[in-house]
Engineer: 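The structure's right below; bear with me while I get my questions together.
Source: prediction; values computed, not measured. Note that the numbering runs from 1 along the sequence shown for the chain.
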Amino acid sequence: MLNKKLTELIKVNLLYSNPSSTQRQRKKGKSINQIVKSTILWSVLTGFLLMVLFSFSLLSVDLSHAPGIFTHFLALFSLLLMSQLISTINNVFLDNQDLQNYLSLPVKISTLWTAKLITIVITMIPFAIPVLAVFVMTAYESNYNVVFAIIVALLTLIFYLGSIFILTSLLTFLITQNRIFQTHKHIGNSLLLGVSALAIVIGCILLSITKNEPHTTDKTVLSPLKPIFQLITQPFSATSLITLLVLIGITTGGMFILNKLSNSGLLQIKSSYTKKRKTPTHPVVQKSLGKTLIRYNLQLLRQPSFMTQVLMNTIMMPFIFLFGFSYGSKDLIHHLGLEYAGVFFLVGVMFSFMTFNAYAFVGNIISLDGENFKMMRSFPIKFTHYLKIKFWLATGIQISLTIILSLAIAFFIRLKIELILPLLSGIILSQIAGCLYYFARDWRLLSLNWTDPNQLLSRGLGNWGVFMMTFGSMLFGKYCKIN
């Protein structure tokens, strides 16, 4: 049983693991215990939902004879897990600088760090459950009884996920303890989240375009993950025993290193991390009002975790979907003629719909003003002019990013110029319409008392709204394809 102090610390850190969800539930009047239970329950339900979806898709496959599909599945969830770990570490350790608040309390630093690490482990549940299901299916299809299959799957899962947790945590902590990172917090956080997100996107794209093995329905085996497959299908072989010992060594050795780091205080965020640098004095240069307002609004977007979530949910995820779909048909698409111009116009509209949700730049640009909003209204400037600058700046960024990614895909699949033009026309027109809607939505759901920009993303339908919009866009694209 966990002692009471550790339990309470875990509860507190679970609140920080997903600040936007915590803020939304607090507005509903829920207590801390209710929020914690809801967070854990949501993680478990998400895990079971993913398990059902992927298990049904793999029921027709004999995983014990499909190492390629197994390793691709494991690679996909490993990338998703690493992304979740980096995001949670950023929320619990970096953005949440609460160490000084505990110095006056009878709490050991080691206990605090243990609570934070357990919190991070809890956030791994949604990805651990479907991986466990696939491990059990693979072991059972290797002619082992159910009990033995579950034991082998559990042992493999514990040490494999433990190794990912240790390696990701150590890498993140070592990077963030760099003196340059501590001096330039916002830039460092942006690079940490941005680079990790980009690496995961590239990984998902590479996995989606991997070809099948000749004369089989299996995919190309990913060699680094093949030992895990052998550990489950042939647990008593020499290779499997070596793999198990390596995983145990990484997990136990990494926990020992993390424990030493926490006890020695090397992971503690130094006071210099949050020190404000003196702003160098520069001669005052008169600038036009328009340029000043543009620079001010660009400064509002310099929120690392906010920018990462916006880019991942409005640009990168639709990009992965469209890239994977178009890559498999690139030979066919290359020979399409001008008679398909209308189809590609609708493809542009569909892609635009997929990039619009509560995370869009233009859907948060007004509320990002926060407390400055009332001050801006008191200035002797035409407020409608200020809102126009906000709208066209956010719209320009949204359209530019979407066009760049669309052109990258179009040139990669060698789409003809006469089809690129209707594609871009569909994107631009639907982007402008979508920006008008979400800009008005931001005004309607205006929130100025936020403490974390991520709280803005939970307004309206929140994550369910994002899911329904993306799913609806996919259905729309499927309907266009059939007709």
Engineer: Can you confirm whether Tyr140 is buried at OH, in the sense that more than 12 heavy atoms of other residues, nucleotides or ligands lie under 6.0 Å from that atom?
Structural biologist: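 No, because the 6.0 Å sphere around OH of Tyr140 holds 12 heavy atoms or fewer from other groups.
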Engineer: Which heavy atom in Phe135 sits nearest to a heavy atom in Ala153, and how many Å separate them?
Structural biologist: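 Heavy atoms of Phe135 and Ala153 come nearest at CB-CB, 3.6 Å.
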Engineer: Using side-chain heavy atoms (C-beta onward) and a distance below 4.5 Å, is Thr39 in contact with Thr123?
Structural biologist: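 No, every pair of side-chain atoms sits at 4.5 Å or beyond.
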Engineer: Can you see whether Thr243 engages Ser240 through a side-chain donor-acceptor pair at a distance of less than 3.5 angstrom?
Structural biologist: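 No.
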Engineer: Would you confirm whether Thr46, through its side chain, and Pro126, through its main-chain N or O, come within 3.5 Å as a donor-acceptor pair?
Structural biologist: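 Checking the backbone N and O of Pro126 against the side chain of Thr46, no donor-acceptor pair under 3.5 Å is found.
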Engineer: Measure from the side-chain N and O atoms of Ser400 to the backbone N and O of Ile397, and report whether any donor-acceptor pair falls under 3.5 Å.
Structural biologist: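 No.
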Engineer: Can you tell me if CE on Met51 sees more than 12 non-hydrogen neighbours from other groups inside 6.0 Å?
Structural biologist: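 More than 12 within 6.0 Å, yes.
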Engineer: If you compare all heavy atoms of Phe73 against all heavy atoms of Pro130, which two are closest, and at what distance to 0.1 Å?
Structural biologist: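 Minimum heavy-atom contact is CZ-O, 3.8 Å.
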Engineer: Do Ile164 and Phe159 have side chains that approach each other closer than 4.5 Å (heavy atoms only, starting at C-beta)?
Structural biologist: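 They are not in contact (no side-chain heavy atoms under 4.5 Å apart), so the answer is no.
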Engineer: Any side-chain heavy atom of Phe344 sitting closer than 4.5 Å to one from Leu415?
Structural biologist: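 Counting from C-beta outward, Phe344 and Leu415 do come under 4.5 Å.
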Engineer: Evaluate the ring planes of Phe236 and Phe148, with Trp represented by its six-membered ring, and classify them as parallel (under 30°), tilted (30 to 60°) or perpendicular (over 60°).
Structural biologist: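 Taking Phe148 first and then Phe236, their aromatic rings lie parallel (interplane angle under 30°).
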Engineer: So, does Ser237 use its side chain to make a donor-acceptor pair with the main chain of Gln234 at under 3.5 Å?
Structural biologist: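 Checking the backbone N and O of Gln234 against the side chain of Ser237, a donor-acceptor pair under 3.5 Å is found.
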Engineer: Within the side chain of Ser169, is there an N or O that forms a donor-acceptor pair under 3.5 Å with the backbone of Ile166?
Structural biologist: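 No; zero donor-acceptor contacts below 3.5 Å.
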Engineer: Any side-chain heavy-atom pair from Phe361 and Leu401 closer than 4.5 angstrom?
Structural biologist: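 Yes - at least one pair of side-chain heavy atoms lies under 4.5 Å apart.
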Engineer: Looking at Glu141 and Leu63, would you say the former's side chain and the latter's main chain have a donor-acceptor pair under 3.5 Å?
Structural biologist: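 Judged by distance alone, yes, a pair lies under 3.5 Å.
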